[in-house]
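Each remark here refers to the structure printed beneath this line.
Residues take their numbers from the sequence shown, with the count starting at 1.
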Amino acid sequence: MAGRLPAQVATPPELLHHHRCQTGCPSLLSWKTSLTLQNFRISSSSSLSSLSGRSYAPPLIKCTTQTAASTNFAPGTPVRPTSILVVGATGTLGRQIVRRALDEGYDVRCLVRPRPAPADFLRDWGAIVVNADLSKPETIPATLVGVHTIIDCATGRPEEPIKTVDWEGKVALIQCAKAMGIQKFVFFSIHNCDKHPEVPLMEIKYCTEKFLQDSGLNHITIRLCGFMQGLIGQYAVPILEEKSVWGTDAPTRIAYMDTQDIARLTFIALRNENLKGKLLTFAGPRAWTTQEVITLCERLAGQDANVTTVPVSVLKTTRQLTRFFQWTSDVADRLAFSEVLSSDMVFSAPMQETYQLLGVEQKDMVTLEKYLQDYFSNILKKLKVLKAQSKQSDIFF
């Protein structure tokens, strides 16, 4: 796609509310993305294929930038540093970012796609909800008026092509942020995304990191390993409901982190002026295999899991087959990410330096044992209460 700033984003001076450009000011950027085949360039290089043991060529994204002529704008109305826009506010991480921001006294605006079921819970918490769609760049600029900081937690829905939101949408958002003079930008990425160009989602995340860095925006990039909250639907609930739990036979280890801790550390980092342009990685206290998580859930639930194991070789074969058909290409892209998560890898990172930078201690981080123990304790208590109430309401004739 030609990434030149669309006409709708060419904001008049009166909307550029807090960005004063003088002689030494970074120029506005217009961007070009060298992309083919629906924003993916198929590389002819065989180096990555040989490393991964696959014969097909992985999809790569090539990002290049072009600097436009400098433009001077008159000073606008200053905005409060507490004014933030959360993109992806209804997601697992986004909602915790919103709650933390409100608790800490920020003025929170949430960018939410128009939907049949409105995100009323965000309004109930005290946030302002604005409708926009990253896949429609013309809807973005109005949501940024009066905003000091953007926190980007968004990712595409499973039924969408990965590139629509995670690449094209993020390009448009960064362009708008630059044009509108946003003063801080927080972007959430994936740990080790720079090491897996064969996986479209991870390559897009890495390319977006570089895109944001080259934009000249004051930004922080935070790479994440995994969410503890995601384990509830994947393992805890199926075990309690005596349904199948799906896993793989790979010894992958993931350092899951509570999204509430991620939100807390994010705002500590946001207030630290020494972290401008920094790349941080947030990881939990310990890396867990799938089997270790299942065993922990079994112990806390007091019952065995019905585990269905999917060999990694099946994921690889399925991915290769789906790549032959255009209508299954997005499935192949997501299977590629699943394949990485199911390989012999460790998604974790040393956190001591990060703790020191942020002025926090490891003992203050929630462990997976504590998180799941609290969950199962609360759920089992509720189940006992419901069971008791059910017995009291029984009528015998």
>> My understanding is that only residues two or more places apart in sequence, or in another chain, count here; which of them pass salt bridge (Lys or Arg N to Asp or Glu O under 4.0 Å) with D103?
In response: none

>> Can a side-chain donor-acceptor contact be found between Q291 and T295 if the only test is distance below 3.5 angstrom?
In response: yes

> With F121, which residues qualify under ring pair (Phe, Tyr, Trp, His ring centres under 6.0 Å), at least two apart?
Replying inline: W125

>> Are the side chains of Q213 and H219 in contact, using a 4.5 Å heavy-atom criterion?
In response: yes

> Are M228 and I294 connected in the hydrophobic side-chain network, where two residues link if heavy atoms are under 4.5 Å apart?
Replying inline: yes

>> Using the side-chain contact (heavy atoms from CB on, under 4.5 Å) criterion, which residues pair with D364? Sequence neighbours excluded.
In response: R264, E361

> In chain order, what residues pass the ring pair (Phe, Tyr, Trp, His ring centres under 6.0 Å) check against Y106, with sequence neighbours excluded?
Replying inline: F267

> Of K210, R223, E209, which is the lone residue that meets side-chain contact (heavy atoms from CB on, under 4.5 Å) with D194?
Replying inline: R223

> So which heavy atom on L144 is nearest to which on A177, and how close?
Replying inline: CD1-N, 3.8 Å

>> If you apply the rule side-chain hydrogen bond (donor to acceptor under 3.5 Å, both in side chains), what do you find for D133 with T139, and how did you get there?
In response: CA-CA 6 Å; D133 192 335; T139 67; over 6 Å; no

> Should E138 and K136 count as an ion pair when the cut-off is N to O under 4.0 Å?
Replying inline: no

>> My understanding is that only residues two or more places apart in sequence, or in another chain, count here; which of them pass side-chain contact (heavy atoms from CB on, under 4.5 Å) with E369?
In response: R286, W288, L296, T367

> T259 and Q229: side-chain donor and acceptor closer than 3.5 Å?
Replying inline: yes

>> Among residues at least two apart in sequence or on other chains, which ones pass salt bridge (Lys or Arg N to Asp or Glu O under 4.0 Å) with K195?
In response: none

> For the side chain of E104 and the backbone of A101, is there at least one donor-acceptor N/O pair under 3.5 Å apart?
Replying inline: no

> Do Q96 and D258 have side-chain N/O donor and acceptor atoms under 3.5 Å apart?
Replying inline: no

>> Let's go through V186 and I222 carefully: what are the C-alpha distance in whole Å and the side-chain angles of both, what is the deciding distance for side chain to side chain contact (heavy atoms under 4.5 Å, CB included) to 0.1 Å, and is it a yes or a no?
In response: CA-CA 7 Å; V186 178; I222 301 174; 4.0 Å; yes

> Is there a side-chain contact between I128 and D107 (heavy atoms, below 4.5 Å)?
Replying inline: no

> Do F188 and T221 come close enough that some side-chain heavy atom pair is under 4.5 Å?
Replying inline: no

